[in-house]
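Counting starts at 1 for both ligands and their atoms, following the listed order. As a basis for the values below, the full set of heavy atoms in this structure was taken, side chains included, without hydrogen atoms, waters or symmetry mates.
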Amino acid sequence: MRAVTFQAPGEIQVDEVPDPELLAPDDAIVRVQASGICGSDLHIYHGRVQIEPGFVIGHEFVGEVVAAGDEVSRVAVGDRVLGTYGTACGECFFCRREEFHKCDEARVFGHGSTLGDLQGAQAELLLVPHANLTLRKVPDGLSDDVALFAGDVMGTAYHAVDSRPLAEGETAAILGLGPVGLCAVQAAKAAHAAEVVAIDTVEDRLRMAESFGATPVHLTEQDPRGEVKKLTEGRGVDLAVEAVGHPEALDLALRLARKAGTVSVTGVYAERAEVHMGVLWIKALTLTSGHANVIKHVDPVLERLSSGALDPSPLVTHHMKLDEAPDAYRVYDNKEALKIVLTP
Ligand SMILES: [Zn+2]
Ligand SMILES: [Zn+2]
């Protein structure tokens, strides 16, 4: 089969690799019909996340089940399915508490041996372990483009907003309007936020957030703290989502949250970063962070995608062929696309 493989920083290629085979009774094999290129793939592309040369990348997918082991009960051969970005065992201490994102045996598709040695989804075929947890049938009427979002980007945005369930009339600020931030705008609106303030420096992204019902605020040409005060009777927002992964964004999130509010950090951190503990403590803020528990959220997210309460389709700016992956990565790396969907 053909698959997109990492070769060296800045270099990926489309290779012929062996077809996957079922290895465990709860494995399934999916013929991939659409796969997404994600910000986390860029970390691999740039060499910040190191994986073995020749490893197949990608972790967002929709496709058809073409083989399934005896213990696969949730889906069957012939079903159109979507997958979550990673797998969980379903049995460990963490899985029993539905903390699937912290499963002792968590594995992420397309991230090399350090994250579970699971070949990626930017390929014609994909081996899916623990298929009863990892796969869901795509609800009738839902497009591949939209279903793709349930397994990663929208699941992550939903998780970020769900870290503080919003009461009627409560408000949110989203810092950083990449795909996750834009989806978080939608998730906050769908959670009935009375006001969603969307902050970034890129005009197109601010306009898109506005079209989703947010109040756009330019990070540098406007005064985000002043704007948020105006919109919240001087208090600050109930929930601030940091969707950047930068200490300055985190600091601004702490300032924008109201007393006893919540700051939800979904941007990625792998290093030491300073938090003004005095601000956190005096304001009695709750700080939440980490990978999203996408397996736990995938069903409610699919429901909302089906009903149209969440609709990330405007984020899909490019469709390209699997064979064009090297070009697609260049386009994505140049920030010319929000979401690229690869098809066979
Ligand atoms: Zn992703
Ligand atoms: Zn587990």
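Using a 3.5 Å distance cut-off with no hydrogens or angles, the side chains of T171 and D238 do pair a donor with an acceptor.
Take the Zn ion (ligand 1) as the corner point: the lines to OD2 of D152 and to OE2 of E60 open at 90°, to the nearest 10 degrees. Between the SG atom of C38 and the NE2 atom of H59, the angle centred on the Zn ion (ligand 1) amounts to 110° when rounded to 10°. Considering the Zn ion (ligand 2) as centre, the angle to SG of C95 and to SG of C103 is 100° (10° rounding). Our summary of the site lists the angle at the Zn ion (ligand 2) between SG of C92 and SG of C89 as 110°, to the nearest 10 degrees.
Taking the six-membered ring wherever Trp is involved, the centroid distance between the rings of Y332 and Y45 does not fall below 6.0 Å. In summary, the aromatic rings of H101 and H159 are positioned with their centroids under 6.0 Å apart.
Looking only at distances, no side-chain donor or acceptor of K339 sits under 3.5 Å from a matching main-chain atom of P179.
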